[in-house]
Amino acid sequence: TTALPYKVADLSLAEAGRHQLRLAEHEMPGLMALRAEFGASKPLAGARIAGSLHMTVQTAVLIETLVALGAQVRWASCNIFSTQDEAAAAVVVGPGGTVEAPAGVPVYAWKGESLEEYWWCTDRIFDWAAEAEASGADWIGPNLILDDGGDATLLVHRGREFEAAGVVPEATDDASHEYRVVLDTLRGSLELSPDRWTRVAAELKGVTEETTTGVHRLYELHAQGGLLFPAINVNDSVTKSKFDNKYGIRHSLPDGLNRATDVLMGGKVAFVVGYGDVGKGAAEALRGQGARVIVSEVDPICALQAAMDGYQVARLDDLVGEVDIFVTCTGNKDVVRVEHMLGMKHQAIVANVGHFDNEIDMAGLESLAGAERVEIKPQVHEWRLPTGRSILVLSEGRLMNLGNATGHPSFVMSNSFTNQVLAQIELWTRPEQYPVGVYVLPKRLDEKVARLHLDALGVALTELTPEQAAYIGVPVEGPYKVDHYRY
Ligand SMILES: Nc1ncnc2c1ncn2[C@@H]1O[C@H](CO)C(=O)[C@H]1O
């Protein structure tokens with residue numbers, strides 16, 4: 001038999017990880033309900049899923065649910081700091097395997113990857129040579145992607161584009177270090193086999209995307225006519241973004257701040273940049289800790305919401321010197337810039353909870369003359385600035401709730417990942433419903449996800465009488481709202 005391929009930090013952590021997975025399963029009723037509902041029929045039989053999503057305990061339960069429903073899976077994390085090494089080890093060993101004879105899923109992820117290692121890991125989820133050897137096929141590749149942020153989808157699209165051109169272009173002067181690494185990864189791949197990504201792209205039936213940033217990339221790619229396969233936008237399921245983005249960050253932002261700095265939030269001035277679903281959860285958490293929370297927004301509707309929720313809404317430029325804790329959650333770039341950092345109080349904390357690290361101008365900070373970086377502990381750095389003051393930057397400007405803590409808790413991730421599994425089933429079993437484009441799941445599935453999570457919270461749902469249902473013109477069993485309803 002072919003030995004299971006993988007690369008994780010330490011396989012001996014598998015037992016500890018397995019205990020955490022078992023406890024997490026109890027907190028993820030949606031995923032466990034799908035295992036009960038579909039475990040026999042295995043609707044994902046034949047699906048080969050390349051997953052790029054934070055390799056946490058919660059994701060481990062997602063992976064093992066996909067396998068329980070018949071899928072073959074390969075996995076990498078979508079962030080260099082977000083892997084929980086014990087979860088990665090447990091998934092590789094699998095429920096029935098041993099450290100000596102792992103029988104789980106190929107995982108390529110460890111906490112603290114370099115960018116070169118990160119893109120090598122992402123490349124690995126598209127190389128199914130071991131599975132082909134084990135099955136006697138001459139070539140197999142993934143036929144679905146499960147993505148978070150869109151890096152895996154990007155690699156396939158760029159790889160195929162450069163293969164068609166027969167060359168990987170040199171980076172432009174303004175290209176980020178990260179994109180230069182992507183180009184190097186693809187240059188190596190092209191030298192190895194000139195049609196690899198073309199074959200992978202042809203095999204792929206679709207992608208399901210977890211987060212706001214990745215969804216934005218999909219709509220842009222599709223608008224440019226470049227999307228190669230259908231995509232389901234999982235982020236905009238109500239039971240994902242109105243829960244994970246808001247209530248998840250409400251839990252994991254203070255978790256990350258406490259583990260990173262142990263700073264008292266009560267009485268301090270916290271500045272939340274962006275008042276979308278994530279910003280709403282961030283502001284509520286900081287207010288709950290007794291901080292005086294100020295919000296900035298570019299969108300008049302979100303700004304009005306923040307004001308009506310009782311927050312001062314101001315411009316970052318005007319107040320930067322009065323703030324103790326900065327939290328960026330815009331999904332945009334260059335939001336906290338070097339000129340802001342130079343105006344910050346001594347030991348002000350700069351934390352990002354947007355998907356990518358360009359919300360904070362880390363490149364500008366790293367090239368600032370006279371700035372000196374001191375590692376306080378992993379993912380916590382003091383930057384001593386030419387002003388004589390220091391700032392504390394968490395997770396090098398990357399997602400600090402996953403870099404400095406363990407991300408959102410299991411129960412809220414169960415909502416998100418139940419949507420992910422339903423979306424994978426949709427793409428795999430009903431491809432004719434999904435010509436190339438970007439879709440959201442139907443409301444009946446969104447409501448199904450919510451229903452699966454009510455018992456655990458002791459919710460007693462009220463039922464419509466047939467007369468009431470007729471009166472408001474909805475079926476007794478739902479869906480209860482029109483598609484454009486805003487929850
Ligand atoms: N514990 C977690 N495990 C996996 N993904 C997570 C976790 N916490 C947050 N996320 C996801 O991270 C993306 C942002 O990259 C989100 O939109 C969340 O769904």
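For the single chain, residues carry numbers from 1 onward in sequence order. The model shown is predicted, which means the values in this text are computed figures rather than measured ones.
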For this session: Mind listing the closest non-hydrogen atom pair of Gly407 and Leu402 along with its distance?
Result: CA-CD2, 3.5 Å

Problem set entry | Salt bridge Glu203-Arg48, side-chain N to carboxylate O under 4.0 Å | yes

Exercise. CD1/Ile63 to CG/Leu146 distance, rounded to the nearest 0.5 angstrom?
Worked result: 9.0 Å

Problem set entry | Listed partners of Glu191 passing salt bridge (Lys or Arg N to Asp or Glu O under 4.0 Å), at least two apart | none

Exercise. Just wondering, more than 12 heavy atoms not from Glu15 lying within 6.0 Å of its CD?
Worked result: no

Only distances under 3.5 Å count here; give the side-chain donor-acceptor pairs of residues 31-39 to other protein atoms, sequence neighbours excluded, each with its distance to 0.1 Å.
| unit_1 | atom_1 | unit_2 | atom_2 | d |
| --- | --- | --- | --- | --- |
| Arg35 | NE | Thr65 | OG1 | 2.9 |
| Arg35 | NH2 | Val61 | O | 3.1 |
| Arg35 | NH2 | Thr65 | OG1 | 3.2 |
| Glu37 | OE1 | Lys448 | NZ | 2.8 |
| Glu37 | OE2 | Lys448 | NZ | 3.1 |

For this session: Any pair with a residue in residues 64-80 that passes salt bridge (Lys or Arg N to Asp or Glu O under 4.0 Å), sequence neighbours left out, goes on the list, sorted by first then second residue, please.
Result: Arg18-Glu64, Arg74-Glu131

For this session: Answer yes or no: is there a side-chain heavy-atom contact under 4.5 Å between Leu144 and Val207?
Result: no

Problem set entry | Results of side chain to side chain donor-acceptor pair (under 3.5 Å) for Asp85 - residues two or more places apart only | none

For this session: If a pair satisfies ring-ring contact (aromatic ring centres under 6.0 Å, His included) and one of its residues is in residues 180-221, list it, with sequence neighbours excluded.
Result: Phe126-Trp197

Problem set entry | side-chain contact (heavy atoms from CB on, under 4.5 Å) between Val182 and Leu155, intermediate numbers included | CA-CA 8 Å; Val182 173; Leu155 201 60; 4.1 Å; yes

Exercise. Does Lys280 come within less than 4.0 Å of Asp277, counting only side-chain N to carboxylate O?
Worked result: no

Exercise. Are side-chain heavy atoms of Asp446 and Ser237 found at a separation under 4.5 Å?
Worked result: yes

For this session: Look at Glu339 together with Arg337 and state whether they make a salt bridge at an N to O cut-off of under 4.0 Å.
Result: yes

For this session: Under the ring-ring contact (aromatic ring centres under 6.0 Å, His included) rule, collect the residues that match up with His381, sequence neighbours excluded.
Result: none

For this session: For side-chain contact (heavy atoms from CB on, under 4.5 Å), just list the numbers for His355 and Thr212, CA-CA rounded to whole Å, side-chain angles, deciding distance to a tenth of an Å, and then say yes or no.
Result: CA-CA 8 Å; His355 180 76; Thr212 315; over 6 Å; no

Seminar exercise, completed: Of all heavy-atom pairs linking Asn404 and Pro378, the shortest is ND2-O, 4.4 Å

For this session: Show your reasoning for whether side-chain contact (heavy atoms from CB on, under 4.5 Å) applies to Gln420 and Glu210.
Result: CA-CA 7 Å; Gln420 275 286 3; Glu210 175 78 3; 3.0 Å; yes

For this session: Among Thr211, Val353, Val278, find the residue that satisfies the side chain to side chain contact (heavy atoms under 4.5 Å, CB included) test when tested with Asn245.
Result: Val278

Exercise. In chain order, what residues pass the salt bridge (Lys or Arg N to Asp or Glu O under 4.0 Å) check against Glu220, with sequence neighbours excluded?
Worked result: none

For this session: Go through the side-chain N and O atoms of Lys240 and Asn415 and say whether any donor and acceptor fall under 3.5 Å apart.
Result: no

Exercise. Which atoms form the tightest heavy-atom contact between Ile145 and Ala152, and what is the distance?
Worked result: CG2-CB, 4.0 Å

Problem set entry | Ionic contact status for Arg398 with Glu178, cut-off 4.0 Å | yes

For this session: Can you measure from CG (Leu218) to OG1 (Thr213) and round to the nearest 0.5 angstrom?
Result: 11.0 Å

Seminar exercise, completed: Smallest heavy-atom separation, Ala88 atom then Ala109 atom, equals CB-O, 4.0 Å

Exercise. Mind checking whether His157 and Leu227 have side chains closer than 4.5 Å, heavy atoms only?
Worked result: yes

Problem set entry | Distance-minimising heavy-atom pair for Asn332 and Glu359 | O-CG, 3.1 Å

Problem set entry | Any donor-acceptor N or O pair under 3.5 Å, side chains His453, Ser414 | yes

Seminar exercise, completed: Residue pairs passing the ring-ring contact (aromatic ring centres under 6.0 Å, His included) test with at least one member in residues 161-196, sequence neighbours excluded, are none

Seminar exercise, completed: The single option from Leu257, Val350, Asn352 that satisfies side chain to side chain contact (heavy atoms under 4.5 Å, CB included) with Leu394 is Leu257

For this session: Check whether more than 12 heavy atoms from other residues, nucleotides or ligands sit under 6.0 Å from atom NZ of Lys481, and answer yes or no.
Result: yes

For this session: Check whether the side chains of Ser82 and Ser77 place a donor and an acceptor atom closer than 3.5 Å, and report yes or no.
Result: yes

Exercise. Is any side-chain heavy atom of Asp151 less than 4.5 Å from a side-chain heavy atom of Tyr118?
Worked result: yes

Exercise. Ring centroid separation for Tyr108 and Tyr6, is it under 6.0 angstrom?
Worked result: no

For this session: Start with the C-alpha distance between Val156 and Leu204, add both sets of side-chain angles, then the distance that settles side-chain contact (heavy atoms from CB on, under 4.5 Å), and finish with yes or no.
Result: CA-CA 10 Å; Val156 174; Leu204 283 165; 3.9 Å; yes

For this session: Can you run down the side-chain hydrogen bond (donor to acceptor under 3.5 Å, both in side chains) pairs that involve residues 135-147, sequence neighbours left out, and say none if there aren't any?
Result: Asp147-Thr153

Exercise. Going by atom types alone, do Asp148 and Ser52 pair a side-chain donor with an acceptor below 3.5 Å?
Worked result: no

Exercise. So, Glu161 and Arg158, do they make that salt bridge, N to O below 4.0 Å?
Worked result: yes

For this session: May I have all residue pairs that pass ring-ring contact (aromatic ring centres under 6.0 Å, His included) and include part of residues 41-88, sequence neighbours excluded?
Result: none

For this session: Please name all residues satisfying salt bridge (Lys or Arg N to Asp or Glu O under 4.0 Å) with Asp123, sequence neighbours left out, ordered by chain then number.
Result: Arg196

Exercise. With a 4.5 Å limit on heavy-atom distance, are the side chains of Ser410 and Met413 in contact?
Worked result: no

For this session: Check whether any side-chain heavy atom of Arg124 lies under 4.5 Å from a side-chain heavy atom of Pro106, and answer yes or no.
Result: no

For this session: For Arg180, enumerate each residue passing the side chain to side chain donor-acceptor pair (under 3.5 Å) test, keeping only those at least two apart in sequence or located in another chain.
Result: none

Problem set entry | Ring centre gap for Phe243 and His408 strictly below 6.0 Å | no

Problem set entry | salt_bridge(Arg199, Glu163) N-O dist < 4.0 Å | no

Exercise. Any side-chain heavy atom of Glu209 sitting closer than 4.5 Å to one from Asn233?
Worked result: no

Problem set entry | Inter-residue atom distance Trp383.CH2 - Leu365.CG, 0.5 Å rounding | 4.5 Å

Exercise. Which heavy atom of Asn235 sits nearest a heavy atom of Ser241, and at what distance?
Worked result: O-OG, 2.8 Å

Problem set entry | Salt bridge present between Asp195 and Arg160 (N-O < 4.0 angstrom) | no

Exercise. Less than 4.0 Å between a side-chain N and a carboxylate O, is that true for Glu86 and Lys111?
Worked result: no

Exercise. Do the non-hydrogen side-chain atoms of Arg373 and Glu396 ever get within less than 4.5 Å of each other?
Worked result: yes

For this session: Answer yes or no for Lys205 and Trp428: cation-pi contact, defined as NZ/CZ to six-membered ring centre under 6.0 Å and angle to ring axis within 45°.
Result: no

